[in-house]
Novice: 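Below is a structure I'd like to ask you about.
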Amino acid sequence: MSIKETEKSNIKEYLLGNTEFINDEFEGKLMTDNNFFQEFQIQEEELIQDYADDNLSETEKKQFETHFLLSIERQEKVTFAQSLRRTVDQQAIKIEQKAKSQTSEKQKPGKFLSRLFLSPIPVAACLLVIAGVSTSIIWNNFLAPSENEIALASLNKAFDECPIGSRISSIKCTPKRKTRGDDNSKIDKLAFENAELKILSNVDKNPDAENLHALGRVFLAKKEFDRAIEELEKAEKLDANNAQIQNDLGVAYLEKSKEVSEENEDDRLRNAETAIKKFKEALALDPKFIEAQFNKSINLEVLKSPEEAKKEWKHYLELDSDSEWAIEANKRLKELN
Amino acid sequence: MDTGKTVNQSDFDLLLDWLDKDPKSAAEKYESIRLRLTKIFYARGCHLADELTDETIERVTKKIPNIVDTYEGDPAIYFFAVGKNVFREWTRKPREEELPDKTIIKESNNKKEAELRDRCLTKCMDTISDKQSEFILEYYERDKEQKIKLRKKMADDLNITLEALRVRAFRIRKNLQKCVLGCVANQNE
């Protein structure tokens with residue numbers, strides 16, 4: 001449940017001692033509404049940081065000092081906020097100094113450049129030409145997003161919640177919620193179609209590993225797992241040591257295994273076993289690949305190996321302890337326990 | 001305050017069971033209710049929030065045998081109702097206790113204490129991933145205008161909403177706070 005802006009500003013007033021909000025509705029909500037209470041806790045921290053940063057008005061500062069700082073715990077939080085401010089500011093100064101010293105190093109001319117400055121050729125004109133050409137080369141080759149990156153960004157816009165339970169590489173979305181009945185995952189259909197068209201066109205122009213991989217992702221999102229496997233295997237042939245391709249192949253096989261009915265236990269197992277090989281391969285190439293680690297843990301549950309699954313969930317939580325995926329991992333670990 | 005029979009382990013087990021049949025969920029709900037009550041008491045201007053929370057929980061626990069079969073609704077609301085009574089009684093008592101004198105804030109202005117906290121924070125930043133420590137350093141940029149732009153960019157780069165960004169910052173911050181508290185306590189032993 002989202003929180004209205006008026007409710008958010010009421011929380012700050014309440015924290016600063018405005019008694020208008022001491023009522024059953026407001027405080028009852030704090031007791032029972034998890035989102036509201038989380039917002040309360042976040043605002044508490046933000047208020048403390050604002051105080052430490054001297055960002056409160058005089059009135060707010062007085063209210064904070066007389067009303068808010070009643071507990072030792074809150075006072076300790078203020079000292080933490082002060083320490084955080086000092087640490088962040090020091091880091092910012094270090095980064096600025098480093099940037100300055102790197103710039104001044106680059107400005108020292110070598111012997112060749114010194115001779116150039118002595119020549120009769122208009123130096124300014126020369127430099128302008130060089131700058132223009134360099135910028136163009138740098139932009140086109142290094143800074144401008146590739147066609148594939150543009151398509152991937154488009155694909156990411158399509159999803160808030162992930163379309164499937166396993167994690168597709170480079171697709172940033174929130175864990176899929178289990179719902180009864182129809183699939184309720186929200187997809188921005190227009191963004192998805194645009195992404196699909198772009199990717200198909202990229203594959204047409206240039207069927208390299210990157211573009212075939214992108215197409216594989218599209219089919220995963222569409223839950224067309226056989227077609228996903230087809231494209232991803234083509235990509236794998238062209239780029240065998242790509243952890244993301246391995247992960248996404250694993251996703252295709254894992255999702256296939258989940259779709260197989262319980263009567264076809266052999267098929268289910270075969271797909272799940274192929275999947276776990278792929279995730280292990282992905283992790284061998286990149287041990288900190290959190291998506292693959294997450295998927296491997298799910299895979300072990302599908303393979304009905306709860307003890308191993310628990311181990312892998314714990315390993316996942318060492319790599320990621322604070323995202324929404326970490327919450328999902330914790331939930332699964334608790335269910336296994 | 002109530003001087004009736006004290007709460008024993010079986011009463012407490014009954015309380016947890018009332019909160020949830022699953023012991024782990026029950027413990028989480030208990031801690032959550034405890035935390036929320038304490039924060040409400042502080043917000044109402046009571047510096048003895050922990051004591052009032054204990055009193056509230058004790059009273060509810062004693063009442064469990066009478067209400068367990070008949071009470072309908074979220075137990076948190078029941079705790080809140082009892083808590084309001086406890087608070088009302090507290091406001092009617094003569095205030096003999098002194099308010100905490102902001103000692104820790106004064107000490108925070110002491111250079112040695114500040115240096116210790118900073119060292120602990122640096123140590124704790126090393127225990128979190130590089131991504132998380134970079135995240136925190138960027139998120140708490142001082143300049144107001146820069147901060148807004150930077151946070152928007154961070155959210156875009158991570159492909160999450162600003163709200164989700166806030167939640168992420170909150171969680172990392174909470175972990176760091178816990179770590180720094182522990183570190184400072186260890187150094188002071």
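Given the structure is predicted, the values throughout are model-derived calculations rather than measurements. Naming: A, B, ... by sequence-line order, numbering from 1 per chain.
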Novice: Is the shortest side-chain N to carboxylate O distance from B:Lys174 to A:Asp322 below 4.0 Å?
Specialist: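 No, B:Lys174 and A:Asp322 are not salt-bridged.
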Novice: Please identify, among A:Ala81, A:Ser323, A:Gly28, the residue contributing the most non-hydrogen atom pairs under 4.5 Å to chain B.
Specialist: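 The option with the most such pairs is A:Gly28.
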Novice: Which heavy atom in A:Thr32 sits nearest to a heavy atom in B:Ala76, and how many Å separate them?
Specialist: CG2-CB, 4.2 Å
Novice: For B:Cys46 and A:Leu70, work out which heavy atoms get closest and say how close.
Specialist: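 Residues B:Cys46 and A:Leu70, closest heavy atoms: N-CD1, 3.9 Å.
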Novice: Counting heavy-atom pairs under 4.5 Å with chain B, which one of A:Asp53, A:Asp89, A:Asp320, A:Leu15 comes out on top?
Specialist: A:Asp89
Novice: Which region of A:Asp24, side chain (C-beta onward) or backbone (N, CA, C, O), has a non-hydrogen atom less than 4.5 Å from a non-hydrogen atom of chain B, or is it both or neither?
Specialist: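 Both backbone and side chain.
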Novice: Side chains of B:Lys24 and A:Asn337, heavy atoms from C-beta outward: is any pair under 4.5 Å?
Specialist: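 Side chain of B:Lys24 against side chain of A:Asn337, heavy atoms only: contact under 4.5 Å found.
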Novice: Which atoms of B:Lys84 come close to chain A, meaning under 4.5 Å heavy atom to heavy atom: side chain ones, backbone ones, both, or neither?
Specialist: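 Looking at B:Lys84, just its side chain touches chain A.
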Novice: Quick check: do B:Phe80 and A:Leu30 have side-chain heavy atoms less than 4.5 Å from each other?
Specialist: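 Heavy-atom side-chain distance check fails, nothing below 4.5 Å.
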Novice: Determine the minimum heavy-atom distance between B:Ala43 and A:His67, stating which atoms define it.
Specialist: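 What the structure gives for the nearest pair is O-NE2, 2.8 Å.
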Novice: Calculate, to the nearest 0.5 Å, the distance between atoms OG and NZ belonging to B:Ser25 and A:Lys334 respectively.
Specialist: 7.0 Å
Novice: For the SG atom of A:Cys173 and the CD1 atom of B:Ile160, what is their distance to the nearest 0.5 Å?
Specialist: 13.0 Å
Novice: Is it true that B:Arg36 and A:Glu27 have a side-chain N and a carboxylate O under 4.0 angstrom from each other?
Specialist: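 Result for this pair is no, no salt bridge flagged.
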Novice: Below 4.5 Å from any heavy atom of chain B, which atoms of A:Asn34 appear? Answer side chain, backbone, both or neither.
Specialist: both
Novice: Taking the six-membered ring of B:Tyr140 (Phe, Tyr or Trp), confirm whether the NZ or CZ of A:Arg85 is under 6.0 Å from its centre and within 45° of its axis.
Specialist: no
Novice: Counting only heavy atoms not in B:Lys147, do more than 12 sit closer than 6.0 Å to its NZ atom?
Specialist: yes
Novice: Using non-hydrogen atoms only, which part of A:Gln41 is less than 4.5 Å away from chain B: side chain, backbone, both, or neither?
Specialist: both
Novice: Chain A heavy atoms under 4.5 Å from B:Asp74: which part of the residue, side chain, backbone, both or neither?
Specialist: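 Interface part for B:Asp74: side chain.
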Novice: When you compare the side chain of A:Met31 with that of B:Leu37, does any pair of heavy atoms fall below 4.5 Å?
Specialist: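 The answer is yes, as the side chains (C-beta and beyond) meet within the 4.5 Å cut-off.
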Novice: Between A:Gln82 and B:Arg117, is the side chain to side chain contact (heavy atoms under 4.5 Å, CB included) condition met? List the steps.
Specialist: CA-CA 9 Å; A:Gln82 290 166 338; B:Arg117 284 194 175 82; over 6 Å; no
Novice: Which atoms of B:Glu115 are under 4.5 Å from chain A, going by heavy atoms: the side chain, the backbone, both sets, or neither?
Specialist: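 For B:Glu115, no heavy atom lies under 4.5 Å from chain A.
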Novice: Checking A:Ile42 against chain B: side chain, backbone, both or neither under 4.5 Å from a heavy atom?
Specialist: both
Novice: Tell me whether A:Glu44 is salt-bridged to B:Lys39, with the criterion being a basic N under 4.0 Å from an acidic carboxylate O.
Specialist: yes
Novice: Given a strict heavy-atom distance threshold of 4.5 Å, which part of A:Leu84 is in contact with chain B: side chain, backbone, both, or neither?
Specialist: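 Backbone plus side chain of A:Leu84, per the 4.5 Å heavy-atom cut-off to chain B.
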Novice: I'd like to know if A:Glu324 and B:Arg168 make a salt bridge, using a cut-off of under 4.0 Å between side-chain N and carboxylate O.
Specialist: no
Novice: For A:Gln91, is it the side chain, the backbone, both, or neither that has a heavy atom closer than 4.5 Å to a heavy atom of chain B?
Specialist: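 Side chain only.
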Novice: Going by an N to O cut-off under 4.0 Å, is there a salt bridge joining A:Glu45 and B:Arg166?
Specialist: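 B:Arg166 and A:Glu45: not salt-bridged.
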Novice: Against A:Phe80, only a single residue in B:Leu121, B:Val184, B:Leu181 fulfils side-chain contact (heavy atoms from CB on, under 4.5 Å); can you say which?
Specialist: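 Among B:Leu121, B:Val184, B:Leu181, the one that satisfies the side-chain contact (heavy atoms from CB on, under 4.5 Å) with A:Phe80 is B:Leu121.
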Novice: Using 0.5 Å steps for rounding, measure from the CD1 atom of B:Ile40 to the CZ atom of A:Phe37.
Specialist: 8.0 Å
Novice: Any chance you could measure B:Arg171, atom CZ, to A:Ser321, atom OG, to the nearest 0.5 Å?
Specialist: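 Separation between the atoms: 10.0 Å.
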Novice: With side chain to side chain contact (heavy atoms under 4.5 Å, CB included) as the test, would you mind laying out the steps for A:Val88 and B:Tyr139 before giving the verdict?
Specialist: CA-CA 9 Å; A:Val88 170; B:Tyr139 189 82; over 6 Å; no
Novice: Quick one: what part of A:Phe68 sits under 4.5 Å from any heavy atom of chain B, side chain, backbone, both or neither?
Specialist: neither
Novice: Applying salt bridge (Lys or Arg N to Asp or Glu O under 4.0 Å), run through A:Lys8 and B:Glu163 and close with a yes or a no.
Specialist: CA-CA 12 Å; A:Lys8 284 184 181 176; B:Glu163 269 310 307; 2.9 Å; yes
Novice: Indicate the atoms forming the closest heavy-atom contact of B:Val167 with A:Gln38, along with that distance.
Specialist: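 Answer, listing the atom of B:Val167 first, then A:Gln38: CG2-NE2, 3.6 Å.
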